[in-house]
Asker: 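Got a structure for you, written out below as structure tokens; questions coming shortly.
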Amino acid sequence: MRFTEFNFHPNLLEGIEASNYENATPVQEQVIPPIMAGKDVIASAQTGTGKTAAFLLPVMNGLLSNHVDGKVGALIIVPTRELAIQISQHMEGLSYFSNLSSIAIYGGNDAQSFVAEKKALQMGADIIVCTPGRMIAHLNMGYVNMKGLQYLVLDEADRMLDMGFQDDINKILQTLPAKRQNLLFSATMPQKIRQLAKKILHEPVEINIAISKPPEKIIQKAYVVYEPQKLPLIKKLLKETPYKNALIFCSRKQTVKQLTRELKHGGFTIAEIHSDLEQNERESVLSAFTAGRIPVLVATDILSRGIDIDTIDLVINYDVPGDGEDYVHRIGRTARAEADGAAFTLIGEKEQNKFAAIEQLLEKEVEKAPVPAEFGAAPQYNPRHRTGGNRNPQRKFYKGRPKSR
Ligand code: AMP
């Protein structure tokens, strides 16, 4: 379906064209018409499907004809500042030819930003994208004016509940006018999301796009290794795999820091990103990565959702993520839009049962690639392996190497 068929405002169509979108993605095709018809919508769609534009476009279109001076038109609540920034950048592109005002409100900004945010919340802005915590900080000051709000969007709602934002969301909801259009997007639909939906949405249209599976075009491989084999293997993979931008995920920030140090010593041009970095540091690392000045980035799961960089063609999981959703989100950072991508996972001996659970969820067995002989014997894949014990024949060989965690 072409965007010209949606009956969008001409200025918005120009923005769509400038963003180089021609045809609507499946989620856009299904979600845009009911939103334009004024219906509440609950949609399960993972990142990479075009879900952001699926709600931004009809909301922007509605506000182009129903802009009200001095009011907030739409409030988009998201779990992380990275996602808030990304959505507002997305919106800047699409609204290039429209005169819609917007602001992203998220934690970690300087005092000047707080003043600009306060002004938008008092004086109105067409679209506000916010993280729950930062919004609560403003709400507590007593000046937030949400009268006249037309749209509420909850994006990555499952992630918000996982991060413990339920109470903050409830508090924000209390400040909103009862009459408004509600849109809820979530990668997964666990019971707690259904309960939240029941509370917020009115006779919603339900759309199921994603079954939380990674795009087929991502080449997935896994290596079953002893923990000390991970570092030499990752170096080899980085040396021998062609890539433009590689993103390495570790579950803990200590691991991110240590691995970054090791790889720097190994001569790689590399940077790290995790919650210990200030907001401006994170932004400058991300822009150096996007611009290709730093080809390899090591990150915690802070980057596993929502970050959308077209040039990421290699994702390496230094460890097995906590659950299937995290795995799908991590590897979904590659093969964005039309590009291809590869995702390698290093499965430590003790992580095998965790990976088996992920395979079960994906209903797919990920190819186990042989560990190069130069690293010595590797464990046989055993999905039921939990403890690992002290049976690692490589332990002595690698003694003295820095621990990976
Ligand atoms: P999202 O699922 O919102 O994270 O979007 C994933 C990527 O697809 C982003 O780079 C978008 O800019 C891009 N995108 C969204 N809609 C379209 C479309 N209709 N045609 C081409 N690319 C799109």
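The model shown is predicted, which means the values in this text are computed figures rather than measured ones. Ligands are counted one by one from 1 in listed order, and the atoms in each one are counted from 1 as well.
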Asker: Do Asp162 and Lys192 sit within salt-bridge range, that is, some charged N less than 4.0 Å from a carboxylate O?
Answerer: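 Answer for the salt bridge query: yes.
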
Asker: So, regarding Ala53 and ligand 1 (criterion: nitrogen or oxygen to nitrogen or oxygen, under 3.5 Å), is there a contact or not?
Answerer: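 No, there is no polar N/O contact under 3.5 Å.
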
Asker: Taking Phe289's backbone N and O only, do any of them form a donor-acceptor pair with Asn245's side chain (distance below 3.5 Å, no angle check)?
Answerer: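 Checking the backbone N and O of Phe289 against the side chain of Asn245, a donor-acceptor pair under 3.5 Å is found.
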
Asker: Between Glu365 (side chain only) and Glu359 (backbone N and O only), is there a donor and an acceptor less than 3.5 Å apart?
Answerer: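 Side chain of Glu365 to backbone of Glu359: no pair is present.
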
Asker: Asn23 heavy atoms, cut-off 4.0 Å: which ligand 1 atoms fall inside?
Answerer: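 Once the distances to Asn23 are compared, the set is 18 (C), 19 (N), 20 (N).
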
Asker: Does even one non-hydrogen atom of Asn20 get within less than 4.0 Å of ligand 1?
Answerer: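 Contact absent.
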
Asker: Between ligand 1 and Gln86, is the shortest N or O to N or O distance under 3.5 Å?
Answerer: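 No; the residue has no nitrogen or oxygen that sits under 3.5 Å from a nitrogen or oxygen of the ligand.
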
Asker: Go through ligand 1 atom by atom and flag the ones less than 4.0 Å from a non-hydrogen atom of Phe3.
Answerer: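 Here the atoms of ligand 1 in question are 19 (N).
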
Asker: Measure from the ring center of Tyr318 to the ring center of Phe249 and say whether it is less than 6.0 Å.
Answerer: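 When the ring centroids of Tyr318 and Phe249 are compared, they turn out to be at least 6.0 Å apart.
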
Asker: Between Phe114 and His138, how do the two ring planes meet: parallel, tilted or perpendicular, split at 30° and 60°?
Answerer: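 Plane angle under 30°, so parallel.
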
Asker: Which ligand 1 atoms does Thr52 reach within 4.0 Å, using its non-hydrogen atoms?
Answerer: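 This gives 1 (P), 3 (O), 4 (O) as the contact atoms.
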
Asker: I'd like to check whether Glu22 has a polar contact with ligand 1, where a contact means an N/O of the residue lying under 3.5 Å from an N/O of the ligand.
Answerer: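 Not met; the criterion fails.
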
Asker: Output the list of atoms in ligand 1 that are nearer than 4.0 Å to some heavy atom of His90, sorted by atom number.
Answerer: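 With His90 as reference, the close atoms of ligand 1 come out as 11 (C), 12 (O).
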
Asker: Please determine which of Ile103, Leu139, Ile105, Leu75 meets the side-chain contact (heavy atoms from CB on, under 4.5 Å) test together with Leu121.
Answerer: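 Exactly one pass, corresponding to Ile105.
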
